[in-house]
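Take a look at the structure set out below.
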Amino acid sequence: MKATAVAPANIAFIKYWGQKNPKINLPFNNSISMNLSKCFTVTSCDFSPKYLKDEIFFEGKKIKENQEFFIKIVKHLNQVRKLAKSNFKAKVISANSFPSDAGIASSAAGFAALTLAASQALGLNLTQKELSVLARLGSGSACRSIPDGFVEWKKGKNHKSSYARSLAPDSWWEISDIVAIVTNKKKKYSSSFGHLLAPTSPYFKKGLNLLPQRIKKVKKAIKNKNLELLGQIIEEEALDLHIIAMSSNPPLFYWEGKTLEIIKKVREWRKKGLPAYFTIDAGPSVHIICEQKYEKIINKKIRGLPGVLKTIINHPAPGAEIKK
Ligand code: PMV
């Protein structure tokens, strides 16, 4: 009753921000993302009657039972146990390929890997759709880390109809996501808090109205491998997410000064003919999207900017997999 899974983080092109039903992470809108090849979580789950309680180890350290992290994982294990009609306790060992204090959202990779490893270990042979539905309960964006490559999460109407599916495999389009890390600090507010506050922004509804057109364009951009079209929409989406966060009540500021500096540079480089576009999730790190043929030169430029601590170059990646 043991299995190990690996799952990628993902970067949202169309953002999930705000929840219709926070209890089951049901979103207001469909969202679209790309899996990241160099930002992933490896998790192994071992269920056994010999364990008297759940034990969780993250990056080599045992997690205390009163920590929020522990509570969230056990809640998710309980969902899987319920499906498998099992009451065996588990030993969970998990690690990220990227520094967890780098401001990259790790919950998507973490809950996708946990869902696959735990369900496999308990002998549940779930379909990709069922895995995505289940991963969503851990963290909304985790449902997008189950399928391969470029992914759309259909908001659905209820628990079972809200899940993600692949729009195109990872091999479809040779683009890069260069993550520019600007801080070592843990992010200030959890995304759950941001989701909760989003509808308090006067711009929230307006943002939702813009989405059907944007989603159409992002799908078209992926289908036709049109970076210019993709770039235009992802920048609008990233700015709108932060406009909503900054105007919610209370306001949430995820950016650092360096975040804005990088945005300005990317736009400057583009004016000079270098095709690069930015997007930002709920943190200060900037994701720069470009074609793979430009990644070296763009990476060098980003690393040369003051305040950039580190970059991670990602390519599109497959979804969650069992590690043999
Ligand atoms: O899955 P959560 O609750 O961590 O929310 C993710 C929210 C964003 O990363 C900001 C946007 C997205 O769609 O991934």
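Model, not experiment: these values are computed from the prediction. One-based numbering, in listed order, for ligands and for the atoms of each.
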Which of the ligand 1 atoms, numbered from 1, are nearer than 4.0 Å to a heavy atom of Ser191 = 2 (P), 3 (O), 4 (O), 5 (O)
request  = State whether Lys38 and Asp177 are salt-bridged, where the test is any N-O pair (Lys NZ or Arg NE/NH1/NH2 against Asp/Glu carboxylate O) under 4.0 Å.
outcome  = no
note = Restricting to heavy atoms, the pick from Ile32, Asp281, Leu241 nearest atom 9 (O) of ligand 1 would be Asp281
note = For Ser107, the ligand 1 atoms with a heavy-atom partner under 4.0 Å come out as 4 (O)
inquiry  = Could you identify the single nearest non-hydrogen protein atom to atom 11 (C) of ligand 1 and state the distance to 0.1 Å?
reply    = Tyr16 O, 3.4 Å
task = Identify, by atom number and element, the atoms of ligand 1 in contact range of Ala282, meaning under 4.0 Å from any of its heavy atoms.
result = 10 (C)
message = A quick test of your reading: do over 12 heavy atoms of other residues, nucleotides or ligands sit less than 6.0 Å from CD of Gln292?
response = yes
key: Lys15 and Asp281 ion-paired at < 4.0 Å   = yes
query = Counting only heavy atoms, which portion of Asn25 has something under 4.0 Å from ligand 1: side chain, backbone, both, or neither?
reply = neither
query = More than 12 foreign heavy atoms under 6.0 Å from CZ of Phe278: is that the case here?
reply = yes
ask   = What are the atoms of ligand 1, with element, lying closer than 4.0 Å to any heavy atom of Arg144?
value = 12 (C), 13 (O), 14 (O)
query = Angle class for the Tyr254/Tyr189 ring planes (parallel below 30°, perpendicular above 60°, tilted otherwise)?
reply = perpendicular
message = Between the side chains of Glu65 and Lys53, is the shortest nitrogen-to-carboxylate-oxygen separation below 4.0 Å, so that they form an ion pair?
response = yes
task = Scan Lys20, His195, Gln19 and name whichever one has a side-chain hydrogen bond (donor to acceptor under 3.5 Å, both in side chains) with Asn25.
result = Gln19
remark   = Members sharing Tyr51's hydrophobic cluster, built from side-chain contacts under 4.5 Å between Ile, Leu, Val, Met, Phe, Trp and Tyr, are none
ask   = What atoms in ligand 1 come closer than 4.0 Å to a heavy atom of Gly140?
value = 1 (O)
ask   = With backbone taken as N, CA, C and O and side chain as the heavy atoms from C-beta onward, which portion of Ala12 lies under 4.0 Å from ligand 1: side chain, backbone, both, or neither?
value = side chain
query = At a 4.0 Å threshold, what atoms of ligand 1 neighbour a non-hydrogen atom of Ser139?
reply = 1 (O), 2 (P), 4 (O)
key: Proximal atoms of ligand 1 relative to Ser141 (non-hydrogen, under 4.0 Å)   = 1 (O), 2 (P), 4 (O), 6 (C), 14 (O)
task = Consider ligand 1: state whether an atom of it lies below 4.0 angstrom from any non-hydrogen atom of Ser192.
result = no
inquiry  = Give me the nearest non-hydrogen protein atom to atom 5 (O) of ligand 1 as residue plus atom name, then the distance to 0.1 Å.
reply    = His195 NE2, 3.0 Å
query = For Lys2, does the NZ atom sit with more than 12 other heavy atoms under 6.0 Å from it, leaving out its own atoms?
reply = no
